[in-house]
Amino acid sequence: MLIVNPDAALGRRLADSLASAGYDPTVVAGFEDALKMLKAEAFDVVVAAERLGTHNGLHLAIRARTERPVVAIVTCTDPDRLLEIDARELGATCLVAPWLNPADFLAVIGRLTGAAHV
């Protein structure tokens with residue numbers, strides 16, 4: 001599972017929640033680092049922040065899917081109806097501040113991946 005978040009503390013909080021539930025997360029801070037990781041390793045899930053410098057999490061989801069099928073999740077700090085619509089149209093999931101409620105975040109990950117980690 002690849003987590004992409006320019007805020008190191010938020011990326012680490014998501015990774016810690018996932019690791020405590022038995023997942024093996026890798027955390028990177030930016031779009032370019034994420035692309036390098038996607039070319040180097042096979043990730044089934046990509047959890048990316050909405051804002052990634054000049055790109056965004058949806059751009060990363062599209063690029064990730066050129067490498068292989070992935071579950072794509074875009075995170076944002078505040079509700080954004082347009083982001084939710086764009087994510088849905090691209091087959092991704094949009095989550096608002098999943099670091100604030102790790103149990104709900106893990107439930108969504110489990111549902112999307114078919115895993116029973118929760």
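Nothing fancy with the numbering, it's 1 onward along the sequence.
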Visitor: Walk me through it: do Phe31 and Thr54 pass the test side chain to side chain contact (heavy atoms under 4.5 Å, CB included)?
Guide: CA-CA 9 Å; Phe31 186 83; Thr54 59; over 6 Å; no

Visitor: Would you kindly confirm whether Val71 and Leu106 end up in one hydrophobic cluster when ILVMFWY residues are joined by side chain heavy atoms under 4.5 Å apart?
Guide: yes

Visitor: State, to 0.1 Å, how close Arg65 and Ala72 come at their nearest heavy-atom pair, and which atoms those are.
Guide: NH2-CB, 3.6 Å

Visitor: Val47 and Leu2: side chain to side chain contact (heavy atoms under 4.5 Å, CB included), yes or no, with the steps?
Guide: CA-CA 6 Å; Val47 179; Leu2 181 62; over 6 Å; no

Visitor: How many angstroms lie between CZ in Arg12 and CG in Leu10, if you round to the nearest 0.5 Å?
Guide: 12.0 Å

Visitor: Rounded to the nearest 0.5 Å, how far does CG of Asp104 lie from OG of Ser17?
Guide: 11.0 Å

Visitor: Any chance you could pull the hydrophobic cluster mates of Ile62, using side-chain heavy atoms under 4.5 angstrom and chaining through other members?
Guide: Leu58, Val74, Leu83, Leu90

Visitor: Atom CG in Leu18, atom OH in Tyr23: separation rounded to 0.5 Å?
Guide: 7.0 Å

Visitor: Taking the side chain as every heavy atom from C-beta outward, state whether Val46 and Ile3 have any atom pair closer than 4.5 Å.
Guide: no

Visitor: Restricting to side chain to side chain contact (heavy atoms under 4.5 Å, CB included), what partner residues turn up for Ala97, sequence neighbours left out?
Guide: Trp99, Leu100

Visitor: Could you go through Thr113 and Val45, starting from their C-alpha distance and side-chain angles, then the distance that decides it, and tell me whether this counts as side chain to side chain contact (heavy atoms under 4.5 Å, CB included)?
Guide: CA-CA 8 Å; Thr113 63; Val45 179; 3.5 Å; yes

Visitor: Taking all atoms of both residues into account, what is the closest heavy-atom pair of Pro25 and Ala15, and its distance?
Guide: CG-O, 3.4 Å

Visitor: Quick one: pull up CD in Glu84 and CG in Leu95 and give me the separation to the nearest 0.5 Å.
Guide: 9.5 Å

Visitor: Taking His55 for the side chain and Leu52 for the main chain, is one N or O donor matched with an acceptor at less than 3.5 Å?
Guide: no

Visitor: What distance separates Glu50 CD from Cys94 SG, expressed to the nearest 0.5 Å?
Guide: 7.0 Å

Visitor: Are Val108 and Met1 grouped together when hydrophobic residues (ILVMFWY) are joined by side-chain heavy atoms under 4.5 angstrom apart?
Guide: yes

Visitor: Is it true that, when you exclude Arg63 itself, more than 12 heavy atoms of the residues, nucleotides or ligands shown sit nearer than 6.0 Å to its CZ?
Guide: no

Visitor: Should Asp78 and Val96 be marked as a side chain to side chain contact (heavy atoms under 4.5 Å, CB included) after you check the CA-CA gap, both sets of side-chain angles, and the distance that decides it?
Guide: CA-CA 6 Å; Asp78 298 305; Val96 178; 5.6 Å; no

Visitor: Just how far is it from atom CZ of Arg81 to atom CG of Asp86, taken to the nearest 0.5 Å?
Guide: 11.0 Å

Visitor: Heavy-atom distance under 4.5 Å between the side chains of Ile73 and Ile109, does that happen here?
Guide: yes

Visitor: For Leu38 and Ala64, which heavy atoms make the closest approach, and how far apart are they?
Guide: CD1-CB, 3.7 Å

Visitor: Do Met37 and Thr26 come within less than 4.5 Å of each other through their side chains, counting heavy atoms only?
Guide: yes

Visitor: Using every non-hydrogen atom in the two residues, find where Ala34 and Val4 come nearest and quote the distance to one decimal.
Guide: CB-CG2, 3.6 Å

Visitor: Identify the heavy atoms of Val27 and Gly11 that sit nearest to each other, and give their distance.
Guide: CG2-O, 4.0 Å

